[in-house]
Amino acid sequence: ANGNDEKKLKEGRSPISPSRVLHLRQIPSDATEAEVISLGLPFGKVTNLLMLKGKSQAFLEMASEEAAANMVNFYTSVTPLLRSQPVYIQYSNYRELKTDNLPNQARAQAALQAVNAAPDALAAGGGVVPGQGSVLRIIVENVFYPVTLEVLYQIFSKFGPVLKIITFTKNNQFQTLLQFADPTNAYYAKMAMDGQNIYNACCTLRIEFSKLTSLKVKYNNDKSRDFTRLDLPSGDGPPVMDSAIPASFGKKPSLLMMNIQDDHYAFYVALPFGIYIAINTFAGLAVPAVAGALGSLAVPTSAAPGRITIPGVTGVPGNSVLLVSNLNPEAITPHGLFILFGVYGDVHRVKIMFKKKENALVQMADANQAQLAISNLNGQRLYGKVLHATFSKHQFVQLPREGQEDHGLTKDYSNSPLHRFKKPGSKNFQNIFPPSATLHLSNIPPSVSVDDLKNLFAGTGSTVKAFKFFQKDCKMALIQLGSVEEAVHALIALHNHDLGDNHHLRVSFSKSTI
């Protein structure tokens, strides 16, 4: 099996069809089983692992083909690192891993059991395990380069929706409290990132669960951010990094955020997740060579000092316009994109490209909502294709001029009554979850029965696996469909569906299962 995968690699070909078993190459000899498993955790449950340390390879089995596809698609654009070394991932010829009779599997199985124990305990305990909530306490050691709130958000949002972040300095250490929407997201983030370096050989993350169950944020600024409350004031606090930047960067750390002047130049460093940061330093300062993570770094010329940019994306940081590609032109509509992306923010405009209908622009209300949409929808299957979402170079979606033929491909939803987050502090911000096979239904009138709803969803082509009304409130229910993709299609088709009696169905993704 190993030879077949290697042969395909040498020939420059991938297996004909995706598989839930993935082939990983160039695994460092000192990498642990838990570290290899952590590469798959953000994308779903890892069900098996085969380590071939003599060949620096491994086979990783995901719970579903969909999870494996999401993982391959993500790591195609962002090369993962283990022990500061790049790891390469492709589909395997295998459809499943059978390792029961193989030697030296004890450590791999023990690592799998440890990884899967916490999510199972979370589910059994109603979502809360003592000492393992949704708030993480993060200490950044050996701070040589700036670690900003935006950097932390970019890193940790890969594991699930980040609701709140508070940064501070205590005992001369830069620390962060970070709250996820779900304890499982927090567990996976801790599992994958504890002990990792943000930059090569420095800015090491030490992560533990906080005793706090929720964070209270007063201001949205450089030190703290509540992504569920866009109405909070900025306050007058000093920049977060003032006391966390080493003296080697000069007496005034604020120089790091200035525009480039005659006596400054921009120095770029790279994060593991493909994020670049430009740092201003004194001209003539000896900046140590950074090996491994930087490699042959192509510096994006459009990057503003102190701001985050994504490789291959020319959009300005803070942009609220998304480029959505690899769509199914036969099935996608502006309304469909409005409903789907509207789960993660208020969509103002949608434009499907006239000459390339597999591409579209989606303008969100702000950059935070745009980032939420990317974190949750990039890599999701939609109408048989894997959707790609990233920031666009455009600052807004332009409406067609009067008299210009558009074929209904550009729509303005700025004043739509279907916006979920137009009310400041809306509870909808507390219920943002990644696409899942289980949907939460609300605003159900008493006249609608279980069979009515089952038939309604079956009519979209979905397989209804389970259904239950909430015990205390029959206006709400959970419905479990055959796959995540079916649930995405059903949400697009049935959100705001007229159920009669002046009731329109509200549909969202749920973190629960039935």
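Along the sequence shown, residues carry numbers from 1. Given the structure is predicted, the values throughout are model-derived calculations rather than measurements.
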Sidechain-backbone polar pair: [X] side chain, [Y] backbone, donor-acceptor under 3.5 Å:
{"X": "Q179", "Y": "V135", "value": "no"}
{"X": "Q369", "Y": "D346", "value": "yes"}
{"X": "S19", "Y": "N93", "value": "no"}
{"X": "N359", "Y": "S325", "value": "no"}
{"X": "D194", "Y": "K190", "value": "no"}
{"X": "S510", "Y": "S512", "value": "yes"}
{"X": "Q109", "Y": "A106", "value": "no"}
{"X": "E66", "Y": "R381", "value": "no"}
{"X": "E141", "Y": "C203", "value": "no"}
{"X": "N326", "Y": "L387", "value": "no"}

Step-by-step side chain to side chain donor-acceptor pair (under 3.5 Å) determination, S134 to N185: CA-CA 7 Å; S134 59; N185 302 140; over 6 Å; no

Pairwise distance [atom1]([X]) to [atom2]([Y]) - rounded to 0.5 angstrom:
{"X": "L215", "Y": "S210", "atom1": "CG", "atom2": "OG", "value": "7.0 Å"}
{"X": "F457", "Y": "L494", "atom1": "CZ", "atom2": "CG", "value": "5.0 Å"}
{"X": "M62", "Y": "N48", "atom1": "CE", "atom2": "CG", "value": "12.0 Å"}
{"X": "H335", "Y": "H495", "atom1": "NE2", "atom2": "NE2", "value": "8.5 Å"}
{"X": "D30", "Y": "K53", "atom1": "CG", "atom2": "NZ", "value": "8.0 Å"}
{"X": "T438", "Y": "F433", "atom1": "OG1", "atom2": "CZ", "value": "12.0 Å"}

Y153: partners by ring-ring contact (aromatic ring centres under 6.0 Å, His included), with sequence neighbours left out: F227

Side-chain contact, heavy-atom cut-off 4.5 Å: [X] with [Y]?
{"X": "L361", "Y": "V350", "answer": "no"}
{"X": "I492", "Y": "F338", "answer": "no"}
{"X": "L377", "Y": "L340", "answer": "yes"}
{"X": "L337", "Y": "I332", "answer": "yes"}
{"X": "K55", "Y": "R25", "answer": "no"}
{"X": "V147", "Y": "L152", "answer": "yes"}
{"X": "L163", "Y": "F180", "answer": "no"}
{"X": "L491", "Y": "I339", "answer": "yes"}

Can you list the residues that meet the side chain to side chain donor-acceptor pair (under 3.5 Å) rule with [X], with sequence neighbours excluded?
{"X": "S483", "value": "none"}
{"X": "E208", "value": "R137"}
{"X": "D226", "value": "T228"}
{"X": "E358", "value": "none"}

side-chain contact (heavy atoms from CB on, under 4.5 Å) between K164 and L178, worked out: CA-CA 6 Å; K164 303 172 186 178; L178 185 146; over 6 Å; no

All side-chain contact (heavy atoms from CB on, under 4.5 Å) counterparts of Q173, not counting sequence neighbours: I139, Q175

Step-by-step side chain to side chain donor-acceptor pair (under 3.5 Å) determination, S56 to Q26: CA-CA 5 Å; S56 300; Q26 295 192 19; over 6 Å; no

Residue pair F509, H440: steps toward the ring-ring contact (aromatic ring centres under 6.0 Å, His included) verdict: CA-CA 6 Å; F509 297 115; H440 179 275; over 10 Å; no

To check you understand the geometry: which heavy-atom pair defines the closest contact between [X] and [Y], and what is its length?
{"X": "T32", "Y": "E35", "result": "N-OE1, 2.9 Å"}
{"X": "L322", "Y": "A373", "result": "CD1-CB, 3.8 Å"}
{"X": "A370", "Y": "F391", "result": "CB-CE2, 3.8 Å"}
{"X": "N378", "Y": "H388", "result": "OD1-CA, 3.3 Å"}
{"X": "S436", "Y": "L439", "result": "O-CD2, 4.4 Å"}
{"X": "G342", "Y": "V347", "result": "N-CG2, 3.7 Å"}

Side-chain ion pair, E65 and R20, N-O less than 4.0 Å: no

Pair E330 + K357, salt bridge at N-O below 4.0 Å: no

Chi angles and distances behind the side-chain contact (heavy atoms from CB on, under 4.5 Å) call for E33, L49: CA-CA 8 Å; E33 286 79 357; L49 170 68; 3.8 Å; yes

Polar contact flag, side-chain donor to acceptor under 3.5 angstrom, N197-T204: yes

Worked verdict on M71 versus N73 for side-chain contact (heavy atoms from CB on, under 4.5 Å): CA-CA 6 Å; M71 182 174 170; N73 289 328; over 6 Å; no

Pair V46-L112, side-chain contact (heavy atoms from CB on, under 4.5 Å): steps then yes or no: CA-CA 7 Å; V46 178; L112 283 168; 3.8 Å; yes

Centroid separation F59 to H23 less than 6.0 Å: yes

NZ (K356) with more than 12 external heavy atoms under 6.0 Å: no

